[in-house]
Amino acid sequence: MWNNTRLLNMIATGMFLLGALIVVQIGVVSAANSVRFALSRAVVFGALDHVGRDQIDRALSGQPIGNFFSADLELVKELIEEIPWVRRADVRRQWPDRIEITIEEHKALARWGDKQLVSVLGEVFNAYSQSELPRLAGPLGTERDVTQRYYRVRELAKIIETEPVELTLSPRYAWHMRFANGLTVDLGREQAKTSVESRLERFFHMQASTSESIGRRVMHADLRYPNGFAVRVPGLGLEPPRSANTKKAR
């Protein structure tokens, strides 16, 4: 064996590579723990209306983030995304001593139930807002469906120059709505022949003539009927179903 020059050269080369690898590893470990590469700051980007720098500092304070080389970017991302109003955070290193955090905030559309908010994308999140917002609610998993219906109802409500302030989907998947002008509407469940939107649009187009024929303002409408609706006005109680094609109330 010791007379085999080729084998000896291979062993020597292997030992040299192993030694070099150990040196590199020691260097990496030293760099990862060296205070010379400590992070000096976190730079924050994004159009922020609700997230303050103090919240970011508190979220990262005392956390084992590491230095420039060992920084756990996933941990930083998770910590930032736990802050109320933060929808998403992207984190990257910036040589020589900082990390950059780009934050996207939620854009609130409405309140969801009693304690949460729902965004313009139909995503429910935990945050507090002092703004006057409409109220949406529905069973777990229906957030996007309720949000999309709110958009369609808001567009239809322009017919009578108002807007929805409450839209609720019950556990039995029946729809109830309340509008800024005081009108409340029960639409029941989705129907095969007449959708929620078509029944609502039909009623909106007939509301003015209905109020005129009754002589009072309609305060509540029951649109669960496929071919008509019932209305309630102060002092008159609940009228029987009225044909959608009838021009005058009876």
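Any value given below was found using the heavy atoms of this structure, including those in side chains, with hydrogens, waters and symmetry copies removed.
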A.B. asks: Heavy atoms, side chains only, cut-off 4.5 Å: are T184 and H176 in contact?
C.D. replies: yes

A.B. asks: Output the distance between atom CG (L79) and atom CZ (R58), rounded to the nearest 0.5 Å.
C.D. replies: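 Reported to 0.5 Å precision, the distance equals 13.5 Å.
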
A.B. asks: Once rounded to the nearest 0.5 Å, what's the spacing between atom CG of D186 and atom NE2 of H220?
C.D. replies: 4.0 Å

A.B. asks: Going by heavy atoms in the side chains, are R88 and K77 under 4.5 Å from each other?
C.D. replies: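 Yes, their side chains come closer than 4.5 Å.
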
A.B. asks: Should M177 and V165 be regarded as members of a common hydrophobic cluster, given that ILVMFWY residues are connected when their side-chain heavy atoms come within less than 4.5 Å of each other, either directly or indirectly?
C.D. replies: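 Different hydrophobic clusters.
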
A.B. asks: Answer whether the closest heavy-atom distance between the side chains of R87 and L121 falls below 4.5 Å.
C.D. replies: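 They are in side-chain contact.
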
A.B. asks: Quick test of your reading of the model: are R144 and E123 salt-bridged, counting only N-O distances below 4.0 Å?
C.D. replies: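 Salt bridge flag = yes for E123 with R144.
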
A.B. asks: Could you report the tightest heavy-atom contact between S129 and L133, atom names first, then the distance?
C.D. replies: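 Answer, listing the atom of S129 first, then L133: OG-CD1, 4.0 Å.
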
A.B. asks: Using modelled atom types only, decide if a donor and an acceptor are shared between the side chain of E143 and the backbone of V118 within a distance under 3.5 Å.
C.D. replies: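 The answer is no, because no donor-acceptor pair under 3.5 Å joins these two groups.
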
A.B. asks: Could you give me the CA-CA distance, side-chain angles and deciding distance for R135 and D114, then say whether side chain to side chain contact (heavy atoms under 4.5 Å, CB included) is met?
C.D. replies: CA-CA 9 Å; R135 187 177 298 275; D114 296 324; 4.0 Å; yes

A.B. asks: What distance do I101 atom CD1 and I80 atom CD1 have between them, rounded to the nearest 0.5 Å?
C.D. replies: 4.5 Å

A.B. asks: So which atom in E190 and which in T194 form the shortest heavy-atom distance, rounded to 0.1 Å?
C.D. replies: OE2-O, 4.4 Å

A.B. asks: Do D49 and W85 come within less than 4.5 Å of each other through their side chains, counting heavy atoms only?
C.D. replies: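 With C-beta onward as the side chain, the pair stays apart.
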
A.B. asks: I'd like to know if R149 pairs up with D145 as an ion pair, taking the criterion as any Lys NZ or Arg NE/NH1/NH2 lying under 4.0 Å from an Asp or Glu carboxylate oxygen.
C.D. replies: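 The answer is no: the pair does not qualify as a salt bridge.
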
A.B. asks: Let me confirm one number: the CZ-CG distance from F203 to L187, rounded to the nearest 0.5 Å.
C.D. replies: 9.5 Å

A.B. asks: Given 3.5 Å as the limit, does a donor-acceptor pair link the side chain of E104 with the main chain of D90, or not?
C.D. replies: no

A.B. asks: For the residue pair V120 and Y151, what are the closest heavy atoms and their distance?
C.D. replies: O-OH, 2.8 Å

A.B. asks: Heavy atoms only: give me the nearest Y225-R199 pair and the separation to one decimal.
C.D. replies: O-CD, 3.9 Å

A.B. asks: I'd like to know whether W175 forms a side chain to side chain contact (heavy atoms under 4.5 Å, CB included) with L169, so could you lay out the CA-CA distance, the side-chain angles of the two residues, the decisive distance to 0.1 Å, and finally the verdict.
C.D. replies: CA-CA 5 Å; W175 293 93; L169 181 62; 3.4 Å; yes

A.B. asks: More than 12 heavy atoms of other residues, nucleotides or ligands under 6.0 Å from CG of D54: is that the case?
C.D. replies: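 Atom CG in D54 is packed in, count exceeds 12.
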
A.B. asks: How far does NZ of K193 sit from OG of S198, to the nearest 0.5 angstrom?
C.D. replies: 12.5 Å

A.B. asks: Would you find a donor on one side and an acceptor on the other, under 3.5 Å apart, between the side chain of E81 and the backbone of A89?
C.D. replies: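 Present.
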
A.B. asks: Restricting to non-hydrogen atoms, name the atom on P164 and the atom on Y150 that form the minimum distance, rounded to 0.1 Å.
C.D. replies: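 Distance-wise, the nearest heavy atoms are CG-CE1, 3.5 Å.
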
A.B. asks: Whether the side chain of K107 engages the backbone of S119 through a donor-acceptor N/O pair (distance < 3.5 Å, no angle test) should be reported.
C.D. replies: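 Checking the backbone N and O of S119 against the side chain of K107, no donor-acceptor pair under 3.5 Å is found.
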
A.B. asks: Hey, is the main chain of R98 close enough, under 3.5 Å, to the side chain of R93 for a donor-acceptor pair?
C.D. replies: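 Judged by distance alone, no pair lies under 3.5 Å.
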
A.B. asks: Check side chain to side chain contact (heavy atoms under 4.5 Å, CB included) between S170 and all other residues, then give those that pass, not counting sequence neighbours.
C.D. replies: R172, A174

A.B. asks: Go through it in stages, so that I can follow the logic: the residues are V86 and Q55, the test is side chain to side chain contact (heavy atoms under 4.5 Å, CB included), and I'd like the CA-CA distance, side-chain angles, deciding distance and then a yes or no.
C.D. replies: CA-CA 11 Å; V86 174; Q55 292 175 287; over 6 Å; no

A.B. asks: Ignoring hydrogens, what is the shortest heavy-atom contact between Q207 and V218? Give both atom names and the distance.
C.D. replies: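 What the structure gives for the nearest pair is NE2-O, 4.2 Å.
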
A.B. asks: Working to the nearest 0.5 angstrom, can you tell me the gap between E197 CD and F204 CZ?
C.D. replies: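 Separation between the atoms: 11.0 Å.
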
A.B. asks: Does the side chain of T162 reach to within under 4.5 Å of the side chain of L183, using non-hydrogen atoms?
C.D. replies: no

A.B. asks: Is it true that a side-chain atom of Y173 and a backbone atom of P139 form a donor plus acceptor pair closer than 3.5 Å?
C.D. replies: no

A.B. asks: According to side chain to side chain contact (heavy atoms under 4.5 Å, CB included), who are the partners of R92, at least two apart in sequence or on a separate chain?
C.D. replies: Q94, E100

